[in-house]
Protein chains: 2
Amino acid sequence: MSPSDLSPDPEQELVTDVFARGCTSRAAFEDVTSKWASLALLALGEGSYRFNALRRRVDGVSEKMLSQTLQALERDGMVTRDVVTTIPPRVEYALTPLGLKVAATLRDLADLLEGSVDDVGAAREAYDERPGGKRP
Amino acid sequence: MSPSDLSPDPEQELVTDVFARGCTSRAAFEDVTSKWASLALLALGEGSYRFNALRRRVDGVSEKMLSQTLQALERDGMVTRDVVTTIPPRVEYALTPLGLKVAATLRDLADLLEGSVDDVGAAREAYDERPGGKRP
């Protein structure tokens with residue numbers, strides 16, 4: 001894990017690095033921060049959801065995108081998909097222990113940004129008023 | 001901003017909600033979690049960077065995408081762009097106080113995922129071996 005680990009010890013741990021293309025941590029980082037995954041994880045951090053209720057919570061997501069997002073998160077071991085044998089059957093989505101930890105860090109980020117809307121709004125206004133502004 | 005805002009009280013605080021389309025916090029959340037922005041913020045959390053050095057750090061990003069990403073982050077008040085009048089002039093990117101806080105939460109997320117590669121790898125393997133697996 002240490003960049004200064006120059007020992008030839010064959011037992012040494014492999015370095016994981018979110019910056020390295022090809023590292024599983026980078027793929028997982030991209031999966032959980034993707035447009036709909038981050039909001040789906042935030043929602044599931046509030047409790048388990050059925051598909052349609054989750055779709056209403058994640059305002060703006062299409063059925064197809066939510067379905068693909070949940071499959072990727074299930075594959076990464078963040079989300080569980082349980083079919084409850086009621087009539088009609090229900091499908092419930094919930095977080096795994098790892099998903100809960102990821103959702104908690106995303107909640108910290110969301111809290112920070114919800115508390116910073118005035119700063120972000122002021123920065124945008126100043127940027128857009130600059131000569132040559134309104135670039136993005 | 002609040003879906004439950006039915007009160008006529010003009011003094012009540014506006015509710016910011018990262019789930020609400022149209023809320024500045026949701027736009028900022030999407031900006032900082034976008035594919036390249038999150039890695040650029042992580043990199044700038046290590047210190048200021050010149051454009052080309054930052055591009056090397058954010059492995060895989062194109063010049064155009066990094067440029068657009070930095071403009072969006074500058075507009076949101078997360079990143080500063082300073083032109084240093086050397087010969088030739090240098091352009092330095094750094095984080096604002098808000099950008100530093102955002103980068104710190106993204107670093108927490110990256111640390112968590114770098115420490116979870118074994119879990120993620122095992123989950124993926126189990127998923128792909130399931131009948132009908134390998135869906136995403």
Side-chain angles (χ1 to χ4, degrees), chain A residues 1 14-21 23-35 37-39 42-43 57-60 68-69 71-72 74-78 96 98 101-102 105-106 108-124 126-128 133-136, chain B residues 1 14-21 23-35 37-39 42-43 57-60 68-69 71-72 74-78 96 98 101-102 105-106 108-124 126-128 133-136:
Chain A
M1 299 274 172
L14 278 171
V15 175
T16 61
D17 179 5
V18 86
F19 282 103
R21 278 192 286 183
C23 182
T24 301
S25 69
R26 165 127 172 205
F29 187 79
E30 291 185 354
D31 283 348
V32 303
T33 57
S34 74
K35 183 173 172 69
S38 50
L39 289 174
L42 276 184
R57 183 74 179 118
V58 181
D59 190 17
Q68 285 178 359
T69 296
Q71 280 172 20
E74 191 188 351
R75 182 170 181 262
D76 283 347
M78 311 273 176
T96 63
L98 175 59
K101 287 187 219 165
V102 169
T105 67
L106 290 171
D108 288 342
L109 179 59
D111 287 344
L112 172 60
L113 294 171
E114 286 176 354
S116 306
V117 287
D118 290 344
D119 289 345
V120 172
R124 288 180 165 194
Y127 186 95
D128 292 345
K134 218 153 199 165
R135 286 183 296 176
Chain B
M1 301 259 177
L14 279 172
V15 175
T16 60
D17 179 5
V18 86
F19 282 103
R21 278 191 286 181
C23 183
T24 302
S25 68
R26 165 126 171 207
F29 188 79
E30 291 185 354
D31 284 348
V32 303
T33 57
S34 74
K35 185 174 170 72
S38 51
L39 290 173
L42 276 183
R57 183 74 179 118
V58 180
D59 191 16
Q68 286 178 357
T69 296
Q71 281 172 19
E74 191 188 352
R75 182 170 181 262
D76 284 347
M78 311 273 175
T96 63
L98 176 59
K101 287 187 219 166
V102 169
T105 68
L106 291 170
D108 287 344
L109 179 59
D111 287 344
L112 173 60
L113 294 171
E114 285 175 358
S116 305
V117 288
D118 290 345
D119 289 345
V120 172
R124 289 180 164 193
Y127 187 95
D128 292 344
K134 220 154 198 164
R135 287 184 293 174

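Since this is a predicted model, take the numbers as computed values, not measurements. Lettering of chains follows the sequences in order, A, B, ..., and the numbering in each one begins at 1.
Rounding to the nearest 0.5 Å gives a distance of 10.0 Å between CG of L109(A) and OG of S38(B).
Partner of T24(A) under the side-chain contact (heavy atoms from CB on, under 4.5 Å) criterion, chosen from D119(B), D118(B), V117(B): V117(B). Screening V18(B), V102(B), D31(B), T105(B) against L113(A) for a side-chain contact (heavy atoms from CB on, under 4.5 Å) leaves a single residue, V102(B).
Annotation: maximal heavy-atom pairing with chain A below 4.5 Å, among G77(B), A43(B), A126(B), S34(B), occurs at A43(B). Among L42(B), T96(B), L106(B), V58(B), the residue making the largest number of heavy-atom pairs under 4.5 Å with chain A is L42(B). Options L98(B), D108(B), V32(B) differ in how many heavy-atom pairs under 4.5 Å they form with chain A, and the most are formed by L98(B). Interface remark: of the candidates A110(B), S116(B), G121(B), A110(B) forms the most heavy-atom pairs closer than 4.5 Å to chain A. Highest contact tally toward chain A, considering only R57(B), K35(B), E30(B), is held by R57(B) [criterion: heavy-atom pairs under 4.5 Å].
For chain B, no part of A122(A) is nearby; none of its heavy atoms comes within less than 4.5 Å.
Within the 3.5 Å criterion, the main-chain N or O of E114(B) finds no donor-acceptor partner in the side chain of S25(A).
Summarising the geometry of A27(B) relative to R124(A), their closest heavy-atom pair is CB-NH2, 3.6 Å, with the distance given to 0.1 Å.
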